[in-house]
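What follows is a single structure, written as structure tokens, with notes after it.
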Amino acid sequence: MKKLWISILAGLLVFPMLLQSPAQAAAPIKIVIDGVPLPTDQPPISVRGRTLVPLRAIFEAFDATTTWNKQTKTVTATKEGTTIILKLGSTLATINNKSVILDVPGQSLKGRTLVPTRFVSEALGQEVVWNSKARTVSITTSGGKGGTVSPASNVVLQDVSDSGDGRDLQVSFVRAADESIVDHYRVLIVKAGNTLNLSSAQQIAPSNYSTVLSTGANPAFKLNAGSRDISGELIKVNQPYIAYVLAVGKGNNISALSNSSATLTLVNNIVSAPTNIQVNDVGDNGDGRDLSVSFNKLPDESKVNSYRIFVVKAANYTNFNVAAANAVSSSNYTQVSKTGNNLSQVLASGSRDVDGALIKPGVSYRVFVMAVDSRNAANQVLSPASSAITLSTTGISSFIVSDVNDYGDGRDMKVSFVHPTAEANINQYRIMVVPTAYYSGFSVSEANNVSSSNYTAVSTSGSSTNQILTSSTRDVRGNLIKNGTGYQVYVLSVGSNSSANVLSSASSVITLLTDFSMGAVSNLTVSDVSDNGDGRDIKVSFNHAADERYISKYLIMVVPTSYYSNFSVSEANRISSSNYTAVSTSDNSTSQILNSSSRDVRGNWIKEGTTYKVYVLSVGSGNYSGSNVLSQASSDITLSSKTPVVSVTNVTYQVNDSRILARFNKSSNETNISEYRVLVVPAKQGFGLGDALGVTSSSYKSIIPNGTNPVITASTTDVNGSPIIKGKKYKLYILAVANNKGMQNGGLSDSTEEFEI
């Protein structure tokens, strides 16, 4: 320090003024700090043997804080308790309020402020050396004098997963003892049998090592799927590895290489996938029941809980992988328990493809099977795709048989079904009534041999059939249809030309009865649908009674729960006509919003804040002599006003490096909003509020309102869970989500214009 002040108070070190040739005089002056050249937008200059450098460049290189006073043309720099004040044009400067005389003042050149290099450097505690031949000022900072960091120790490799790549590998080690001079650590994975020294470790490309920052704790670092060994090869199973850790020193501090870990070979306990995926068209129901899937189980099922069958539209199957499979909603795949044997599964009528569409004829599909480990998703493996299959049908659908009369013969039986969409190869349909006492199963060959007097022929005209049989209709054994006998009904689609006949599945068992009973409605639900403060806020939905022959109408009755602990048929029969809502028996179900003049059963207007139950009374008619039938009570409902959610506005997008950036103006009222959801929708897909509310959390990105206009990176999958791909067009929506159930979830924005990656 004494040397420093002597140097400063003596002026500045006088650089030797050597006689130079014109070529030498033209050589630029270089500034090197801790061995690294200092870039400047204005080259350093020499004035009376003193080197001047741009003010901002030199101070920022030393991490000093600077302020500039334009009026007084004075610069003030501060670093670690040292304050320097320089005024342009003046040879007088101060260091911590002590005056120092300069040989050369700071000056302005081409709009840049230049200051003496040696004065600034030494005033901030740095060492300065001038090399006249190289015309180089070399500065060594207090942190750049160099030392050797201590190496990391106890490097340990562990196999922590079964992904078959770097995700299976975890590296832990004990940090360097003097971590204050460690900038970061580099984890180096080396094939066993090779060694590594410090020099070669420092030459490894950044893509072939993993960086771990110094945090003051001993790291346990898990690699990722793209991690590579030092030769550039991806980490993989069945390859022995060792690991080193390079502790990289700050500034001129010398890095240190650890000893190697013990050898580890990654082992993936699930290395195969389900194989031999076979798909077959086994029915003619026009839905998932037509699709049979068989496959060979994994040789080792020790980590398998179950299998999932995914039906994928053939046009999209090349984009289907394990990540896409894991994102599929549980309603859109078929789960199959492991049995220890190869599996064969016929799907259900409600089975859907991975996009959520019901499986149907005329669409080309491919099928995948995934082995599932519920404890560790990294163990899950996906089969190759099956061959393509397109379901076709010559059979019927929506097949229903019902008891509709009380004649005691065939006129009591109604047979309904929907024709196939393609009837070009069908000549007629034959309705066959089979007594269950004689047939445990009725086959196509038996159906083909039934006498024409023992079935009912139906033409292919129209899209559906609703046929009430005749009094002379007989079962397939030639007996007249009668009460008290259990029957199952089949429909035979008779092929034209060379097409084979196709037999439907059996109906459920039906036994005809003379029955003057009357049923209640079912699936009664009530909901608060508006905010008018009267009956218009209540919506009542229910399924009609299965047999409506003796029902004239239904009466909807709103009952205040504070007056009725139990509402009976006898009470319902006494209610005035002005205090209920009448509904006809047309259609199979009712969904009725009450009106503003609707009253409860006590005659009071329906209003907010009162708790009600709703009942429906089935009212008899015609030759029915029994009593009216009252439904079960609905759940309680209390009408309340709902605060609407205000949508965001001005939704825009930006595509940057294959990322989609969403911007929008926040809702004008964020008090009742819990989050905004960014939804990426295929451009040609219809999309509304109901669709937006149904999107799974893995297929959108969300952001919490904070009073500002948000900017957020969108999900890498669209709302269907499919990866966003180049060349396909999309649009953005923003959904504002209410923060409690008492508010309307109505905050879906307008879409952006279409765009593509």
Side-chain angles (χ1 to χ4, degrees), residues 167 224-226 310 312-313 315-333 353-357 377 645-670 672-739 744-757:
R167 290 172 293 179
N224 58 48
F310 300 95
V312 181
K313 293 183 180 71
N316 303 330
Y317 89 100
T318 56
N319 298 320
F320 196 73
N321 52 30
V322 172
N326 282 325
V328 174
S329 167
S330 60
S331 59
N332 298 338
Y333 60 73
D353 65 24
V354 296
D355 298 326
V645 169
V646 180
S647 302
V648 306
T649 58
N650 195 27
V651 182
T652 60
Y653 70 90
Q654 180 181 349
V655 178
N656 185 10
D657 292 335
S658 297
R659 295 185 307 142
I660 303 170
L661 198 65
R663 302 173 184 271
F664 53 91
N665 292 344
K666 67 183 181 70
S667 170
S668 59
N669 179 12
E670 290 188 322
N672 62 341
I673 295 176
S674 64
E675 64 176 331
Y676 298 113
R677 297 177 182 173
V678 181
L679 307 168
V680 183
V681 181
K684 298 189 180 301
Q685 179 175 328
F687 197 74
L689 176 61
D691 302 310
L693 291 170
V695 176
T696 60
S697 60
S698 60
S699 298
Y700 62 74
K701 282 292 186 70
S702 67
I703 187 171
I704 306 301
N706 60 6
T708 62
N709 292 332
V711 179
I712 180 174
T713 302
S715 172
T716 56
T717 61
D718 64 22
V719 294
N720 304 313
S722 299
I724 294 170
I725 59 176
K726 293 182 179 180
K728 185 174 180 178
K729 293 190 175 181
Y730 300 89
K731 51 191 176 183
L732 281 182
Y733 291 81
I734 307 298
L735 177 67
V737 181
N739 56 20
Q744 296 175 349
N745 250 339
L748 184 64
S749 72
D750 293 331
S751 72
T752 63
E753 62 183 3
E754 297 180 4
F755 64 91
E756 63 183 64
I757 301 295

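Both backbone and side-chain heavy atoms feed into the values below; hydrogens, waters and symmetry mates do not.
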Report yes or no: does Asn224 contribute a side-chain atom to a donor-acceptor pair with the main-chain N or O of Arg167 at less than 3.5 Å?
no

Please evaluate residues Val651 and Asp750 with respect to the criterion side-chain contact (heavy atoms from CB on, under 4.5 Å), reporting the C-alpha separation (whole Å), side-chain torsions for both, the decisive distance (0.1 Å), and the verdict.
CA-CA 8 Å; Val651 182; Asp750 293 331; over 6 Å; no

I need the Gln654 CD to Ile660 CD1 distance, nearest 0.5 Å.
11.5 Å

Quick check: do Lys728 and Pro682 have side-chain heavy atoms less than 4.5 Å from each other?
yes

Check the pair Ile712 / Tyr676 against side-chain contact (heavy atoms from CB on, under 4.5 Å), numbers first and verdict last.
CA-CA 10 Å; Ile712 180 174; Tyr676 298 113; over 6 Å; no

Residue pair Val354 / Asn316, side-chain heavy-atom distance below 4.5 Å:
no

Between Glu756 and Gly727, which heavy-atom pair has the shortest distance, and what is it?
OE2-CA, 3.9 Å

Minimum heavy-atom distance Val678-Ala714, with the two atoms named:
CG1-CB, 3.8 Å

If every non-hydrogen atom of Asn332 is compared with every non-hydrogen atom of Asp353, which pair is closest and at what distance?
CB-O, 3.4 Å

Can I get a per-line list of side-chain donor-acceptor pairs under 3.5 Å for residues 324-331, giving both atom names and the distance, sequence neighbours left out?
unit_1, atom_1, unit_2, atom_2, d
Asn326, OD1, Gln380, NE2, 2.6
Asn326, ND2, Val322, O, 3.4
Ser329, OG, Ser331, N, 3.4
Ser329, OG, Ser331, OG, 3.1

Ignoring hydrogens and angles, tell me if any N or O in the side chain of Asp355 forms a donor-acceptor pair with the backbone of Ala357 under 3.5 Å.
no

One should read off an interatomic distance between Asp718 CG and Phe687 CZ, to the nearest 0.5 angstrom, of 10.0 Å

Heavy-atom pair of closest approach, residues Gly707 and Lys666:
O-CE, 3.1 Å

Pairs where residues 679-695 contributes a residue and the test side-chain hydrogen bond (donor to acceptor under 3.5 Å, both in side chains) is met, not counting sequence neighbours
Gln685-Asn720

Please set out all donor-acceptor pairs under 3.5 angstrom arising from side-chain atoms of residues 694-702, sequence neighbours excluded.
unit_1, atom_1, unit_2, atom_2, d
Thr696, OG1, Ser698, OG, 3.4
Ser699, OG, Gly721, N, 3.4
Tyr700, OH, Arg677, NE, 3.3
Ser702, OG, Glu675, OE1, 3.2

Going by side-chain hydrogen bond (donor to acceptor under 3.5 Å, both in side chains), name the residues that satisfy it together with Asn650, two or more places apart in sequence or in a different chain.
none

Stepwise side-chain contact (heavy atoms from CB on, under 4.5 Å) check, Thr716 with Ile724
CA-CA 6 Å; Thr716 56; Ile724 294 170; 5.6 Å; no

Donor-acceptor contacts, no H, no angles, side chain residues 729-738, under 3.5 Å, sequence neighbours left out:
unit_1, atom_1, unit_2, atom_2, d
Tyr730, OH, Ile725, N, 3.1
Lys731, NZ, Ala683, O, 3.2

For Gly747 and Val645, the nearest pair of non-hydrogen atoms, with its separation, is CA-CG1, 3.7 Å

List for me each residue that meets side-chain hydrogen bond (donor to acceptor under 3.5 Å, both in side chains) alongside Ser749, sequence neighbours excluded, and say none if there are none.
none

